[in-house]
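Atoms considered below: every heavy atom in the structure, side chains included; atoms not considered: hydrogens, waters and symmetry mates. Just so you know, residue 1 is the first one in the sequence shown, and it goes up from there.
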Amino acid sequence: YWLYDVKITSTQIGIAANFGIVMEILIFFFGNNCIKLFGTFWMLIFAQIAMTVRCWAYVLLPPNPSLVYLIYSIELLKGVAFGFTQIAGVKLASDAAPKGLEATAQALYTSV
């Protein structure tokens, strides 16, 4: 989509992907604080909202290479969605597991 429709360069595509990845890393780093601040329920809600906004932003965004900075901003939402979902999901799996099987539950969640 970015290469053929929006016509941004491969370098700009790589930069856009890194915006999402950097946001994920920041969220993973502050994950414990996020759980304390929002709780797992709200983290999952925020993740779904972020992904919904991201998808609609791409639907509504005109294919114009001069909007590459807007694409970078939109990719931050991918980092929020993925980071929040993974942190909350692993926490929920751990909390639901019987004592001593927390790591197994987390591995099952991750593998699914």
Side-chain angles (χ1 to χ4, degrees):
Y1 168 76
W2 288 338
L3 187 62
Y4 298 112
D5 293 338
V6 182
K7 298 191 182 353
I8 60 176
T9 67
S10 296
T11 301
Q12 291 169 324
I13 292 170
I15 292 169
N18 282 322
F19 267 76
I21 293 167
V22 168
M23 181 59 84
E24 289 171 22
I25 291 169
L26 288 172
I27 288 173
F28 289 148
F29 184 77
F30 294 108
N32 195 33
N33 294 338
C34 292
I35 289 175
K36 289 177 185 175
L37 183 63
F38 302 118
T40 55
F41 175 81
W42 285 107
M43 286 179 70
L44 290 171
I45 296 296
F46 292 149
Q48 293 302 306
I49 291 170
M51 190 54 74
T52 302
V53 169
R54 177 177 178 252
C55 289
W56 275 107
Y58 281 126
V59 166
L60 299 173
L61 185 72
N64 185 342
S66 67
L67 299 175
V68 69
Y69 295 106
L70 190 55
I71 291 171
Y72 295 163
S73 300
I74 293 169
E75 282 305 292
L76 292 174
L77 293 171
K78 178 195 168 278
V80 170
F82 183 80
F84 274 17
T85 300
Q86 293 306 312
I87 290 171
V90 168
K91 175 75 170 136
L92 287 171
S94 176
D95 290 348
K99 186 160 177 62
L101 293 174
E102 295 88 357
T104 303
Q106 290 173 354
L108 285 171
Y109 164 76
T110 303
S111 66
V112 169

Are [X] and [Y] connected in the hydrophobic side-chain network, where two residues link if heavy atoms are under 4.5 Å apart?
| X | Y | result |
| --- | --- | --- |
| L77 | Y58 | yes |
| W56 | Y1 | no |
| I27 | I25 | no |
| L37 | F29 | no |
| V6 | L61 | yes |

**Item:** Considering all heavy atoms, the nearest G31-I87 contact
**Value:** CA-CD1, 3.5 Å
**Request:** Might you point out which heavy atoms bring A105 and A93 nearest each other, and give the distance in Å?
**Result:** CB-O, 3.3 Å
Verify, without hydrogens or angle tests, whether [X] (side chain) and [Y] (backbone) share a donor-acceptor contact under 3.5 angstrom.
| X | Y | answer |
| --- | --- | --- |
| E102 | G100 | yes |
| S94 | V90 | no |
| T85 | F82 | no |

Heavy-atom side-chain proximity of [X] to [Y] below 4.5 angstrom:
| X | Y | result |
| --- | --- | --- |
| Q86 | Y109 | yes |
| K78 | E24 | yes |
| L44 | L92 | yes |

**Request:** Can you label the angle between the Y69 ring and the Y72 ring as parallel, tilted or perpendicular, going by 30° and 60°?
**Result:** perpendicular
**Request:** Evaluate the ring planes of F38 and F84, with Trp represented by its six-membered ring, and classify them as parallel (under 30°), tilted (30 to 60°) or perpendicular (over 60°).
**Result:** tilted
**Message:** For a side-chain contact (heavy atoms from CB on, under 4.5 Å) check, start with the C-alpha distance between L76 and V80, then their side-chain angles and the critical distance, and finish with the verdict.
**Reply:** CA-CA 6 Å; L76 292 174; V80 170; 5.7 Å; no
